[in-house]
Amino acid sequence: MSAQINCPNCGETVQPQLRYCEHCGVDLAMAVVLAEQEALLPIRQVSGMPLAPEILVPRIGEYMTQRNLIKPEDLDRALSYQKERTKIGNPILLGQAMLELGLVDRETLDQVVTAQILELQNALAEANRTLKQRVLERTLELQGALERLSELNVLKANFVSNISHELRTPLTHIKGYLNLLAEGEMGPLGQSQQDGIDVILRAEERLEQLIEDLIQFSLVSRGGMNLDFEKVDLSTLIKTSLDRISPKAKKHEININANLADNLAPVRADEDKINWVLLQLLDNAVKFTPKGGDVLVKAINNVGFVSISVIDTGIGIPKERLSEIFEPFHQLDGSSTRHYGGTGLGLTMVRRIIDAHGSQINVGSVIGEGSCFEFALPAYHPNPGE
Ligand SMILES: Nc1ncnc2c1ncn2[C@@H]1O[C@H](COP(=O)(O)OP(=O)(O)OP(=O)(O)O)[C@@H](O)[C@H]1O
Ligand SMILES: [Mg+2]
């Protein structure tokens with residue numbers, strides 16, 4: 001990743017927080033998309049195929065006519081003779097045909113064959129050299145494209161972050177006035193107005209959550225995840241997450257339960273981030289479980305770490321698509337996107353946060369029966385060096 005960022009259009013250095021290049025005025029988001037396509041173009045273009053040795057070495061007949069070792073009409077005769085022999089099921093090589101017709105003597109033929117073998121060897125060596133050169137050129141092209149793409153990725157992550165921050169400001173005003181309205185501070189509301197305000201408030205909360213997710217995502221994409229490790233009491237953390245998700249679970253008619261080991265060991269983790277992880281997993285579990293289903297959070301002590309699982313009795317995920325769900329903006333299908341909502345960033349972030357804790361997230365699922373997301377966190381040790 002390069003330290004300074006250049007405008008993909010004019011190449012001048014640009015301030016990361018700007019939306020338009022201060023030098024050429026181009027919309028940086030558009031320029032990034034176009035530059036990305038351009039950077040990928042050389043990868044898609046396949047230059048001409050390398051020359052094969054058989055193209056480089058003339059066939060024996062051509063070779064001999066070029067050197068006046070045989071006349072063209074004699075070559076035709078030899079070729080016809082060879083064809084005849086093939087027809088009657090007794091095929092011979094062209095050199096043999098020339099010999100049998102007395103068009104060439106054995107010694108000349110041997111010299112020609114030897115010369116041809118040498119030329120073939122040279123042609124092979126030349127083809128290999130060309131191939132090596134092409135591999136080298138392609139590798140350089142790919143390296144160039146990769147560098148360019150990582151630079152563009154930084155710019156992209158900056159836009160997401162800048163725009164998300166910009167969205168936050170008007171949203172804060174909207175939220176402030178909505179709350180004043182909802183609490184009757186701006187005059188009494190009738191029932192239908194109150195209902196309307198409630199709907200807007202819920203939509204505002206969702207929007208706020210999406211913006212927070214985008215900010216988290218762009219922070220992590222820019223390598224900006226700083227973990228604040230501390231001693232974390234998981235029982236309290238899990239109970240807080242369950243409290244936060246329970247209104248949504250109630251609305252979806254999902255039963256939520258916790259099964260936590262007695263004396264659950266404290267862990268070494270970033271409390272806010274793990275809280276966010278749990279909320280994402282619980283949000284998914286509730287979202288992708290039909291009415292009347294169950295969601296269970298389990299935590300058990302292991303030697304040196306604590307395992308946490310979020311288990312649901314929901315729609316499940318096909319085995320072959322388990323790795324896809326951790327890709328950014330990836331939701332399993334168009335219809336479920338529309339049905340369930342979301343941006344498809346939750347699990348991407350979850351995985352990055354768990355990875356940053358030196359652990360990994362595992363998932364098991366059976367279609368129509370449910371899913372289980374599991375990760376472990378290291379037990380807290382007051383003196384980690386010992
Ligand atoms: N518990 C689950 N059961 C079934 N499918 C799931 C579950 N969790 C995740 N998925 C699938 O993985 C996809 C990606 O999940 P992810 O949390 O990243 O995105 P999202 O929930 O769709 O949106 P966001 O979390 O950004 O609001 C989901 O859209 C869904 O298709
Ligand atoms: Mg999600």
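Only a predicted model underlies this, so the values are computations on that prediction, with no experimental measurement involved.
Counting only distance, with no hydrogens or angles, the side chain of H23 and the backbone of G11 share no donor-acceptor pair below 3.5 Å. A donor-acceptor pair under 3.5 Å links the side-chain atoms of Q193 to the main chain of G190, judged by distance alone. Of the possible polar contacts, one joining the T313 side chain to the D294 backbone as a donor-acceptor pair under 3.5 Å is found. Not a single donor-acceptor pair under 3.5 Å links the side chain of S359 to the backbone N or O of F375. In this structure, Q360 contributes its side chain and D355 its backbone to no donor-acceptor pair below 3.5 Å. At distances below 3.5 Å, at least one donor-acceptor pair connects side-chain atoms of D270 with backbone N or O atoms of D228. Checked by atom type and distance alone, the side chain of N301 pairs as donor or acceptor with a backbone atom of A265 at under 3.5 Å.
The shortest side-chain heavy-atom distance between L167 and T169 does not fall under the 4.5 Å cut-off. You'll find the side chain of S365 stays beyond 4.5 Å of the side chain of C372, heavy atoms only. Counting heavy atoms from C-beta on, the side chains of K175 and L171 never come closer than 4.5 Å. Side-chain atoms of L260 and K298, non-hydrogen and from C-beta on, never get closer than 4.5 Å to each other. V104 is not listed as a side-chain neighbour of L69, based on a closest heavy-atom distance of 4.5 Å or more. By the 4.5 Å heavy-atom criterion applied to side chains, I315 and T289 are not counted as neighbours. I367 has its side chain out of reach of K319: every pair of non-hydrogen atoms, C-beta onward, lies at least 4.5 Å apart. Looking only at side-chain heavy atoms (C-beta outward), N284 and S371 stay at 4.5 Å or farther from each other.
A pairwise comparison of heavy atoms in I211 and S164 identifies CG2-O, 3.4 Å as the closest pair. The two residues C7 and V14 have their closest heavy-atom pair at CB-CG1, 3.7 Å. Of all the heavy atoms in Q331 and G344, the pair that sits closest is NE2-N, 3.5 Å. Heavy-atom minimum distance, F305 versus A376: CD1-CB, 3.5 Å. Here the closest non-hydrogen pair linking Q194 and A182 is NE2-O, 3.6 Å. Shortest non-hydrogen contact noted between V135 and T139 is O-OG1, 2.6 Å.
Using a 4.5 Å cut-off between side-chain heavy atoms of Ile, Leu, Val, Met, Phe, Trp and Tyr, with links allowed through other members, M98 and L101 fall into the same hydrophobic cluster. In terms of hydrophobic clustering, with Ile, Leu, Val, Met, Phe, Trp and Tyr side chains grouped at heavy-atom distances under 4.5 Å, I361 and L237 are assigned to a common cluster. Grouping the Ile, Leu, Val, Met, Phe, Trp and Tyr side chains by contacts below 4.5 angstrom, directly or via other members, places L242 with V350. Linking ILVMFWY residues whenever their side-chain heavy atoms come closer than 4.5 Å, directly or via other members, places F373 and V286 in the same cluster. Put simply, Y380 and L377 are part of two different groups of oily side chains (I, L, V, M, F, W, Y) that touch within less than 4.5 Å, one to the next.
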Could you walk me through whether Q280 and L347 satisfy the side-chain contact (heavy atoms from CB on, under 4.5 Å) test, starting with their C-alpha distance in whole Å, then the side-chain angles of each, then the deciding distance to 0.1 Å, before giving a yes or no? CA-CA 7 Å; Q280 289 300 316; L347 287 179; 5.9 Å; no
Run the side chain to side chain donor-acceptor pair (under 3.5 Å) test on E126 and N128 for me, step by step, so that the C-alpha distance in whole Å, both residues' side-chain angles and the decisive distance to 0.1 Å come before the verdict. CA-CA 5 Å; E126 180 55 35; N128 277 343; over 6 Å; no
Under the criterion side chain to side chain donor-acceptor pair (under 3.5 Å), I'd like the reasoning laid out for N302 against S307: C-alpha separation, chi angles, the key distance, then a yes or no. CA-CA 7 Å; N302 269 311; S307 292; 3.0 Å; yes
Under the side chain to side chain donor-acceptor pair (under 3.5 Å) criterion, do E137 and Q133 qualify, and how do the steps go? CA-CA 6 Å; E137 281 167 13; Q133 182 59 28; 3.3 Å; yes
Does D74 form a salt bridge (Lys or Arg N to Asp or Glu O under 4.0 Å) with R77? I'd like the steps, not just the answer. CA-CA 5 Å; D74 286 342; R77 261 182 67 207; 3.8 Å; yes
Carefully, step by step, assess K291 and H252 under the rule side-chain contact (heavy atoms from CB on, under 4.5 Å). CA-CA 6 Å; K291 265 186 188 170; H252 285 73; 5.8 Å; no
One pair to check against side-chain contact (heavy atoms from CB on, under 4.5 Å): I308 and E374. What are the steps and the verdict? CA-CA 6 Å; I308 303 127; E374 189 178 15; over 6 Å; no
CA sep, side-chain torsions, deciding dist, call: N275, T240, side chain to side chain donor-acceptor pair (under 3.5 Å): CA-CA 8 Å; N275 196 10; T240 318; over 6 Å; no
Under the side-chain contact (heavy atoms from CB on, under 4.5 Å) criterion, do D110 and R106 qualify, and how do the steps go? CA-CA 6 Å; D110 284 349; R106 165 70 64 190; 3.6 Å; yes
Working for salt bridge (Lys or Arg N to Asp or Glu O under 4.0 Å), residues R202 and E205: CA-CA 5 Å; R202 278 199 298 278; E205 268 167 32; over 6 Å; no
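Through side-chain heavy atoms spaced under 4.5 Å, either directly or across other Ile, Leu, Val, Met, Phe, Trp or Tyr residues, L210 is tied to no other residue. The hydrophobic cluster containing V199, built from Ile/Leu/Val/Met/Phe/Trp/Tyr side-chain heavy atoms closer than 4.5 Å, comprises no other residue.
To the nearest 0.5 Å, atoms CD1 (I300) and CG (D262) are separated by 13.0 Å. Taking CG of L181 as the reference point, atom CD1 of I200 lies at 8.5 Å (rounded to 0.5 Å). A distance of 12.0 Å separates OG in S246 from CG in N255, rounded to the nearest 0.5 Å. Between S235 atom OG and L264 atom CG the span is 4.5 Å, to the nearest 0.5 Å. Distance CD/E230 to CD1/I274: 11.0 Å, rounded to 0.5 Å. Considering CG of N179 and CD1 of I174, their distance stands at 12.0 Å, rounded to 0.5 Å.
Judged as a ring pair (Phe, Tyr, Trp, His ring centres under 6.0 Å), and not counting sequence neighbours, Y177 has no contacts. Scored by the side-chain contact (heavy atoms from CB on, under 4.5 Å) test, D195 finds Q191 as partners (sequence neighbours excluded). Among residues two or more places apart in sequence or in another chain, the side-chain contact (heavy atoms from CB on, under 4.5 Å) test is passed with A203 by none. Taking Y81 as the reference, R85, E100 meet the side chain to side chain donor-acceptor pair (under 3.5 Å) condition, with sequence neighbours excluded.
Heavy atoms of other residues, nucleotides or ligands lying less than 6.0 angstrom from CD of E183 number more than 12. Open room surrounds NZ on K250; 12 or fewer heavy atoms of other groups in view lie less than 6.0 Å from it. Taking a 6.0 Å sphere around CG of N263, one finds it holds 12 or fewer heavy atoms contributed by other residues, nucleotides or ligands.
Figure legend: R268 and F229 shown as a cation-pi pair, the cationic atom lying under 6.0 angstrom from the six-membered ring centre and within 45 degrees of its axis.
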